[in-house]
Amino acid sequence: MLKNYVHTVDYLFVLVLVCLMAMCSLSIVYTGSQIYCATAQTLENNNSFNIAIDYIQEKVRQSLASDQITVTTTKGLDVLCIHETYNQKSYTTYIYVYDQQLREQLIPDDQDFHQESGEALLPVDQLNMTIDHNLLSLTFRIGDQTQTTLIALLGGSS
Amino acid sequence: MATVFSFQENTIYQQQQNLERVLKRSVMQTYALEGRYPSSLDEIIEQYHITYDQDTFAVEYQITASNMMPDITVIKKAGGHDVKKLRPYS
């Protein structure tokens, strides 16, 4: 009787040990995957920040005159407007964040601007823009990271 | 069997999404760095070393104007109904 009991305890001990090892292995794999995901997400966010900021900077620099760049607020969203003229017709490029996507839309001035019609460029949670003394301020938020960049708007008409 | 098929479809859809995302980022990055949009799809693929399954996907790259984001269309070849146009207006 005692011998049988000892055998059962032996089996149970080994079983518990194997279960414990399996749980530890799974928890290590889970923790590793979480760390990898967080690192990859941070890298992706940094890349999105850089691309979004550089893209808008380049857009602005190609139409750097202060009277070509305006910021308006439509339905609670800050919208960067870049005004241009082609073949004596006025167009405006709208850059804004809608539905957590940085969007761009180029339409003639005689057409109405619809936020949802813009082309989604890349995921950005929030974009706040202001122009103060010919200084354009862009504040991006992606996830829990926020970054601000300033662009000086030079000159008058292009 | 249906689950395996669904999983495969989902994987292909993910690949399509990733390809779209990467192409758009590459176009934006080129514009941000060089002040111009890439002149062709080959330029993006060569410059950013992008590889994709050409038997499964077809990519159309259409330039409208020098200051406009090009139209990028990724088409899943198998099952022609699954066509997604990236540019919502055109």
Part of [X] within contact of chain B (heavy atom distance under 4.5 Å):
| X | answer |
| --- | --- |
| Ser48(A) | both |
| Gln62(A) | side chain |
| Asn50(A) | neither |

Practice problem: Take the angle between the ring planes of Tyr55(A) and Tyr31(B) and call it parallel below 30°, perpendicular above 60°, tilted in between. | Solution: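 Rings of Tyr55(A) and Tyr31(B): tilted, as their planes differ by 30° to 60°.
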
Quiz prompt | Modelled atom types, side-chain donor and acceptor of Ser39(B) and Glu43(B), under 3.5 Å | solution =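 Yes, Glu43(B) and Ser39(B) have a side-chain donor paired with an acceptor closer than 3.5 Å.
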
Quiz item: Any side-chain heavy atom of Ser63(A) within less than 4.5 Å of one from Glu84(A)?
Solution: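 The answer is yes, as the side chains (C-beta and beyond) meet within the 4.5 Å cut-off.
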
Quiz item: Do other residues, nucleotides or ligands put more than 12 heavy atoms under 6.0 Å from Tyr86(A) OH?
Solution: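 Result for OH/Tyr86(A): enclosed.
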
